[in-house]
Amino acid sequence: MTSPAELGRTHCADCVDGMRALDDASVDCLIADPPFNLGNGGRMFRAGRLARCIDMDWDHIDNGPWLAEALRVLRPSGTLFVFGSWHNLFDLGSRLQRAGARILNTIVLVKTGGFSVSHRVLYERTLYAIWASPSDTGWHFDYALMKRLAGRQADNVWPYTPPTARSHPTQKPVELVERMLLMATRPGDLVLDPFTGSGTTAEACLRLRRRFLGFERDDAFARGANARIQQLRWARDFARNSRGVGEVMSVRPVG
Ligand SMILES: C[S@@+](CC[C@H](N)C(=O)[O-])C[C@H]1O[C@@H](n2cnc3c(N)ncnc32)[C@H](O)[C@@H]1O
């Protein structure tokens, strides 16, 4: 990749601008958790009464420009995971299909908890992730590993337990992103997260030895994600070094 964007960290930038600086077909996998456009003008109702507002500044996006860039920077044999709820899923799906992408699966994420938006509709317990390829030329899917992990042919209904400790209001569980990476990437692959948030994809990449590149528009979230990456690197280096010390000590003659 000839791009100026340094790998292994998240850049505080709008992802459309960030991706414009990347070469065509230079990314193996994209994990995108865009704003779900949940805001609804800031109105949420419980039992018919105004309950609370989730009209956060970062929760609005036009999915056209970033999806176009995402499909450009992905290798034809790469894949893309996009998180969504009914608020943005149909928009995302229809844009992907119109752009010629192939939708491979919709992964249904069943939450242990959920969120009540209103007492006039059902209690929401699902999130989704669309898994798609920019073309029809073939993509990586580790069928055997997924079968081994599931104990049978892996299906598209996955449990979703939100992380207990969170530094971002919509932080995703790292195990979930790890499962996506194991399924659709190989060690050394370049994974791009255009909406890094707290850095969940970065952590999964570090654990599984994939290369990472991220963009995050909010300066505080970007700094938090880079601190998370740095801490993990320190922990990994410390574990490596102390293992070395332990080995040296264990072969030392006593007395
Ligand atoms: C749903 S959250 C991502 C959460 C993340 N997956 C995690 O586990 O922490 C979406 C993030 O995208 C950021 N964002 C919104 N629009 C953006 C844009 N155009 N470019 C880059 N980041 C953006 C928001 O600041 C927010 O942190």
Side-chain angles (χ1 to χ4, degrees), residues 3-22 27 29-40 42 44 52-67 69-70 73 80-85 87-89 92 109 111 113 115 127-130 160-181 190-208 210-236:
S3 139
E6 184 193 333
L7 301 185
R9 60 185 294 258
T10 197
H11 297 262
C12 184
D14 184 284
C15 65
V16 177
D17 297 337
M19 286 190 280
R20 278 195 186 124
L22 305 183
V27 168
C29 181
L30 209 131
I31 308 250
D33 184 13
F36 284 14
N37 294 329
L38 279 174
N40 190 26
M44 281 189 80
R52 73 192 164 95
C53 167
I54 49 163
D55 195 23
M56 295 166 280
D57 284 347
W58 50 261
D59 191 46
H60 300 282
I61 199 158
D62 170 1
N63 287 314
W66 80 262
L67 265 179
E69 280 305 305
V73 301
L80 153 89
F81 292 88
V82 196
F83 286 96
S85 64
H87 305 83
N88 62 344
L89 196 76
L92 290 166
L109 305 168
K111 293 188 185 186
F115 61 93
L127 272 184
Y128 302 86
I130 297 175
Y160 181 96
T161 308
T164 40
R166 274 198 295 253
S167 58
H168 191 289
T170 60
Q171 188 166 329
K172 299 294 172 291
V174 70
E175 301 75 20
L176 172 63
V177 179
E178 281 179 354
R179 193 194 284 214
M180 292 170 165
L181 295 182
L190 177 59
V191 179
L192 169 66
D193 184 341
F195 305 97
T196 303
S198 66
T200 306
T201 305
E203 174 165 350
C205 285
L206 266 169
R207 289 178 187 275
L208 296 175
R210 273 62 172 170
R211 290 175 303 143
F212 169 77
L213 174 63
F215 298 111
E216 167 57 56
R217 198 173 56 179
D218 182 291
D219 181 52
F221 288 145
R223 274 188 283 118
N226 283 325
R228 182 175 176 185
I229 295 169
Q230 195 51 51
Q231 271 174 9
L232 279 161
R233 286 211 184 100
W234 281 332
R236 191 187 57 191

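None of these values were measured; they are calculated from a predicted model.
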Is there a side chain to side chain contact (heavy atoms under 4.5 Å, CB included) between R179 and L181 once you walk through the steps?
-> CA-CA 5 Å; R179 193 194 284 214; L181 295 182; over 6 Å; no

For [X] and [Y], which heavy atoms make the closest approach, and how far apart are they?
X	Y	value
P173	Y160	CD-CE1, 3.5 Å
T201	V191	CG2-CG1, 3.9 Å
E216	A222	CG-N, 3.6 Å
A204	E178	CB-CG, 3.7 Å
S167	Q171	N-OE1, 2.7 Å
L80	V82	CG-CG2, 3.8 Å

Any side-chain heavy atom of [X] sitting closer than 4.5 Å to one from [Y]?
X	Y	result
R20	L22	no
L92	Y128	no
F212	L206	no
L192	M19	yes

Rounded to the nearest 0.5 Å, what's the gap from [atom1] on [X] to [atom2] on [Y]? Could you check?
X	Y	atom1	atom2	value
E175	M180	CD	CE	12.5 Å
D33	H168	CG	NE2	8.0 Å
N63	L67	CG	CG	5.5 Å
C205	L7	SG	CG	10.5 Å
T196	F221	OG1	CZ	11.5 Å
R217	I61	CZ	CD1	6.5 Å

Candidate pair F36 and T170, rule side chain to side chain contact (heavy atoms under 4.5 Å, CB included), full reasoning = CA-CA 10 Å; F36 284 14; T170 60; over 6 Å; no

Would you call R207 and E203 a salt bridge, taking side-chain N to carboxylate O under 4.0 Å as the test?
->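 Yes.
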
Is the side chain of N226 donor-acceptor paired with the backbone N or O of T10 at a distance under 3.5 Å, no angle test?
->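 Yes; judged by distance alone, with no hydrogens or angles, the pair exists.
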
Geometric class of the F195/W66 ring pair [parallel <30°, tilted 30-60°, perpendicular >60°] |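 W66 vs F195 ring planes: perpendicular.
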
Do S198 and R228 have side-chain atoms, one donor and one acceptor, less than 3.5 Å apart?
->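 Indeed, the side chains of S198 and R228 share at least one donor-acceptor pair under 3.5 Å.
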
